[in-house]
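Report on the following structure.
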Amino acid sequence: MKAIELKKKYIEFFQTKTHKEIPSAPLIPEHDPSVLFTTAGMHPLVPFLMGEPHPSGKRLVSVQKCMRTQDIEEVGDATHTTFFEMLGNWSMGDYFKKEAITWSFEFLTGKNWLHLPLKNLSVTCFVGDNDAPKDEESAGIWKSLGIPAERIAFLPKKDNWWGPAGETGPCGPDTEMFYWVSPGPAPQKFDPSDKRWVEIWNDVFMQYNKTKEGKFVPLTQKNVDTGLGVERVTMVMQGKKTVFDTELFQPIFKEIQKLSGSKPTPKNIVSFRIVADHMRASTFILGDERGVVPSNVDQGYILRRYIRRVIRHGRKLGITHDFCPNIALAIINMYKNEYPLLLQKERVIIEELRKEEDKFQKTLEQGLKEFETLTKDNKNITGKEAFLLFQSYGFPLEITQELAAEKNLKVDVAEFNVEFEKHQELSRIGAEKKFKGGLGEVSEMTVKYHTATHLLNEALRKVLSPDIKQRGSNITPERLRFDFNFDRKLTPEEVKKVEDEVNKRIKESLEVRREELPLKEAFAQGAQGEFGAKYTDVVSVYSIGNYSKEICGGPHVKNTKELGHFKILKEESSAAGVRRIKAVVE
Ligand code: ATP
Ligand code: MG
């Protein structure tokens with residue numbers, strides 16, 4: 001079975017269980033400052049798991065593009081990639097363990113579905129501790145379906161628990177499904193530490209609320225959140241040893257082979273895998289709804305790191321000329337039907353790759369020479385030296401670390417950071433934020449900024465031009481950032497007018513209301529949507545008095561008077577024909 005068929009079957013299966021399909025959210029999340037990328041299908045659904053009603057109902061299913069930079073070190077093994085697609089199904093306070101597990105089982109083993117043999121399946125469940133009891137319920141359901149007791153392992157929180165560590169909010173046990181991927185029969189007894197068992201699917205049960213006092217009280221709205229990896233299950237379905245042996249990577253390998261003239265061998269296979277994975281990641285970041293370009297901060301820095309690492313590994317394979325655009329074209333070609341935006345953004349993707357590659361190819365050779373000189377007596381790299389490699393040759397710290405590790409040498413990261421601060425080039429390099437997994441992240445300030453963003457959007461249309469559309473938005477608890485189409489700098493008078501307009505609406509104490517409408521109806525009523533965004537058939541629409549109407553997932557304040565005073569900090573260019581405003585409410 002090919003990946004494309006797997007995805008189709010999954011959606012179909014859950015549609016027969018009355019789930020509604022929702023589109024993949026962007027890789028770059030809109031209103032969650034706690035994380036740089038969408039790391040799982042549940043991530044864009046956080047407000048709904050918190051109780052906000054979802055316009056598509058209580059049973060949802062999706063194919064979500066995901067990015068886990070935190071897995072970058074593992075790229076090279078058989079089953080980890082930084083970019084992958086996740087299939088997921090959700091219950092928002094609807095069905096719970098019995099249905100979720102039964103359906104997972106049916107999809108995996110059912111004759112009309114994946115039809116995987118039971119003899120290769122194992123599962124893990126939560127073992128229980130002082131906070132919550134052993135998850136006998138899940139184990140019992142697995143047993144009733146035919147999973148033998150010796151194929152069920154009970155593990156502690158570290159493995160089988162989802163939710164905030166040390167914080168408050170929804171949490172609960174999960175149950176994970178593993179598949180035996182080695183030739184020869186699977187052992188009778190399941191040993192979850194044996195790497196030949198590969199995790200393919202995870203069902204999370206949000207069952208408790210962790211209180212400030214550290215108590216775990218049962219939730220009123222119990223949710224199910226599941227995630228199945230497309231690459232891994234495709235590998236399993238095709239009896240391949242690694243995800244890279246499937247049609248999801250082989251065309252990329254062919255392209256690398258063509259460009260480098262080298263075949264994959266045990267010695268260079270890790271470079272093949274890194275180039276293939278990071279090029280997929282880079283292509284999807286550049287081609288995202290909220291695509292970013294290489295830079296020294298946040299997502300742009302991760303992208304830069306990916307591309308530069310690709311170039312270095314390309315060189316290890318013997319490629320010295322420009323090659324990233326060629327590989328990206330192969331990837332766009334593979335995914336253009338499922339993600340038409342990649343094709344629409346092809347020019348930007350290719351152009352940005354070419355520019356970044358050009359920049360780095362120029363300095364890489366010399367930087368590598370410098371690195372050799374610095375380490376010729378097998379001496380560790382000081383922070384100052386790492387900083388020199390960064391500043392003069394564009395080596396991201398991680399590349400220097402990787403080069404050093406190949407020689408069993410270390411890099412003084414603490415000193416590097418000191419140097420870095422000194423130069424104040426960037427403040428947040430490498431400070432990659434990991435998705436903490438908690439649902440309680442929606443702070444009061446973020447909610448305020450969310451509503452302020454709607455007011456700003458409308459004010460811009462009023463003051464500047466009715467043609468203005470949102471081109472991107474990003475909110476942190478400290479500020480809002482809003483991109484919109486406009487082809488010149490705003491005058492100071494215009495900035496002031498926009499501010500006054502927003503503050504006027506805040507003072508009017510306008511009520512914020514939410515309703516659900518069919519998408520067509522929402523547009524017919526003049527609701528604003530984001531340029532290029534994908535929407536479900538029924539959408540939630542937020543109105544602020546009679547002033548603004550936008551398609552939006554929320555959450556928002558109840559009344560504009562909660563916002564305080566609105567102030568624009570900065571107005572600048574973001575891309576050709578796109579302006580960017582940063583603003584605060586105080
Ligand atoms: P692992 O322990 O193998 O890293 P995980 O516990 O991080 O997996 P989950 O967070 O439960 O995985 O994600 C749900 C599913 O997504 C997994 O069962 C797997 O199929 C897939 N998945 C997770 N991480 C990756 C990755 N880096 N590359 C490919 N697929 C992944
Ligand atoms: Mg993992």
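In each ligand, atom 1 is the first atom listed, and ligand 1 is the first ligand listed. For the numbers below, each heavy atom of this structure counts, side chains included, while hydrogens, waters and symmetry mates do not.
Using a 4.0 Å cut-off between heavy atoms, E199 contacts ligand 1 through both its backbone and its side chain. The proximity of R68 to ligand 1, defined as any non-hydrogen pair under 4.0 Å, is limited to the side chain.
Which parts of ligand 1 touch M86 is read off a 4.0 Å heavy-atom cut-off, strictly below it: atoms 13 (O), 14 (C), 16 (O). Shown in contact with N202 at under 4.0 Å from a heavy atom are these atoms of ligand 1, numbered in order with element: 11 (O). Near D71, meaning under 4.0 Å from one of its heavy atoms, ligand 1 places the atoms 24 (N), 26 (C), 27 (N).
No side-chain donor-acceptor contact under 3.5 Å links Y95 and N223. Side-chain contact annotation: W201 with T226, donor-acceptor N/O pair under 3.5 Å present.
Checked against the 6.0 Å centroid threshold, F253 and F272 count as a close aromatic pair. Between W161 and F205, the distance from one ring center to the other does not fall under 6.0 angstrom.
Here the closest non-hydrogen pair linking G41 and M86 is N-SD, 3.6 Å.
Checking side-chain atoms of R232 against main-chain N and O of E199 turns up a donor-acceptor pair under 3.5 Å.
Backbone and side-chain nitrogen or oxygen atoms of I200 are examined, and one is located within less than 3.5 angstrom of a nitrogen or oxygen of ligand 1.
Using a 4.0 Å heavy-atom cutoff, T79 is listed among the residues neighbouring ligand 1.
In this comparison of F83, F84, W201, the heavy atom closest to atom 22 (N) of ligand 1 sits on F84.
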